[in-house]
Amino acid sequence: MKLNLRFLYIFFILTVISCKSTAPFAYPLQKSAVADQGMIVTAHPLASDIGLEILKKGGNAVDAAIAVQYALAVVLPVAGNIGGGGFMVVRMADGTTNTLDFREKAPGKASRDMYLDDQKEVIPRLSIDGHLAAGVPGTVAGMAAAFDRYSQLKDFKTLIDPAIKLAQDGFAITQQQADGLNRSREAFIKLNTNTPAFVKKTAWKAGDLLIQTELAETLTRIRNQGTAGFYEGKTADLIVAEMKAGGGIISYQDLKDYEAIWRQPLESTYKEYTIISMPPPSSGGLALSQLLKMVAPYPLREYGFQSAEAIHVMAEAERRVYADRAMYLGDADFVTVPIRSLMNDAYLTNRMADFDPDKANDSRMIGAGLVTPVESEETTHFCVVDPAGNAVSLTTTLNGGYGSKTVVSGAGFLLNNEMDDFSAKPGVPNMFGLIGNEANAIEPGKRMLSSMTPTIVTKNNETYMVLGTPGGSTIITSVFQTILNVIEFDKPLSEAVSLGRFHHQWKPDAIQLDELIKLSPDVEKNLIQKGHHLKQRGNFGRVEAILKQADGRWEGAADVRGDDDARGF
Ligand code: GLY
């Protein structure tokens, strides 16, 4: 008997050991959380943790957002960045609002036809891969501007040190990250002058440490010298040398001239809610407010969640809004964007005048364009609410997954491929299938049009919901659906962010369905009978959201589509 017990014990230990060595590494993710004081939702648990610690140290939502942005530049190389840009929407507890534009800019040597051949045709992938795809990065200037205006801690080192440590010591990558790095291995080799930290001899696997020594050095220069640690001195030397080595055009002057800009938020109403979002150069805020205004007259609640009637009217609104986007939207510092006209109630009522409840419209009758397959849609969003009630909604991006896939040699960070968000040639779609026009043509110093839609929704003059998502052209429609999932369809927040989604962007003329959507055969049949084309595709969006509950506590929810994580205290 004694022997048997001993045998069983040894067997148990061996089983535990063997399970331990074969079980794939995974962070324990918190997909939703409820808390009294502060809440953070980001695309990586280590970044959520860092943000939370800053709040606990007495930092406000902006302090936490800065720390998260730098942490994501290390732990989420696919989209987190210092070589890209983004937008921040802020609502302080006193009700004041602001937005920060740290979008990339076209370099001074950029020109309208820089991606066209002698026949004026678009040269495939020139605006997507490598050095020439990169716009002048805005993130470091953006974080400095946010710090100067809003920091409560007033101690930048505390905000950036955790990111430096993660880059120096390394962090364990997740399965999703291992898959992403392995998929991009060949591109990293092809598009870099030196082998970056993202390439190793054997395939990456979950739990492997990603150490980014050169990135740690760059972050240290930023810590010690502020924006000069990036836009001047050694980092600038390394960026310009990289440009020379790879045929890029970002110059010392471009880096020196870069400025983040505070802009008046774009505010609109939907029923008793106020929507605070990003103005141009993002199309996100404008498109979101157009969409909500266009569907407001229809009884969505009565139609029901993802009923044929609800999908039909929402998709028809989307068709019209994306056609407007293609025609009118661009950097308002360079072109006149008729924002007021596009948001005007009479205009939007008229825009839906030819909506037929029984029949889909035809995008050819609304505008013209061509189609290209949708590629990667990597960007990342995070939300923060602090104990005082200040809120930040921030979307940041390199554009495609790992941006241009070019790392600045010696500086260890990836450059964006945001130049693809310009319209390389009017009417020719970019990698998201989005069509642009004159308004979004390339000009030196201009910001490329974005779809990023960091948003804060208020109710009774209090912050009610903070949300946003990555997803290229699908960002706007994912935010639109998430708001309606909560407000009209009474979905709990965790479902609202994770349920399957649909998307119409005028061209291609189809309702795109993500993998998680579950339409009944009757709904599909009904939509097809109305004349819609349904197109199944991969998942889109990784929505992060915070919602004020009826009892005044904050609920955070992270999309199930990634390693996203919500935590509060
Ligand atoms: N790069 C994606 C966007 O800004 O819309």
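Start at 1 and go down the list; that is how both ligands and their atoms are numbered. When a residue number appears, it is its place in the shown sequence, counting from 1.
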Visitor: Hey, looking at atom 3 (C) of ligand 1, which of D421, T397, T396 has the closest heavy atom?
Guide: D421
Visitor: Spell out, as yes or no, whether a donor-acceptor pair under 3.5 Å connects the side chain of S393 to the backbone of T455.
Guide: yes
Visitor: Just need the protein heavy atom nearest to atom 4 (O) of ligand 1, so name the residue and atom and give the distance.
Guide: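 In this structure, atom 4 (O) of ligand 1 has S450 OG, 2.7 Å as its nearest protein heavy atom.
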Visitor: Check whether any side-chain N or O of N417 sits under 3.5 Å from a backbone N or O of D129 as a donor-acceptor pair, and report yes or no.
Guide: no
Visitor: Does D564 use its side chain to pair, donor to acceptor, with the backbone of V41 at less than 3.5 Å?
Guide: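 No, the answer is negative, given that no donor and acceptor are paired below the 3.5 Å cut-off.
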Visitor: Using a strict cut-off of 4.0 Å, indicate which atoms of ligand 1 neighbour a heavy atom of N399.
Guide: 1 (N), 2 (C)
Visitor: Any chance the rings of F102 and F87 have centres within less than 6.0 Å?
Guide: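 Ring centroids of F102 and F87 are no less than 6.0 Å from each other.
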Visitor: What are the atoms of ligand 1, with element, lying closer than 4.0 Å to any heavy atom of R103?
Guide: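 Ligand 1 atoms under the 4.0 Å threshold to R103: 4 (O).
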Visitor: Side chain, backbone, both or neither: which applies to M448 and ligand 1 if a contact is any heavy-atom pair less than 4.0 Å apart?
Guide: neither
Visitor: With side-chain contact (heavy atoms from CB on, under 4.5 Å) as the criterion, how do R263 and D333 come out once you've worked through the C-alpha distance, each side chain's angles and the decisive distance to 0.1 Å?
Guide: CA-CA 11 Å; R263 297 189 189 274; D333 292 344; 2.8 Å; yes
Visitor: Tell me whether S451 has any N or O atom under 3.5 angstrom from an N or O of ligand 1.
Guide: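 Yes.
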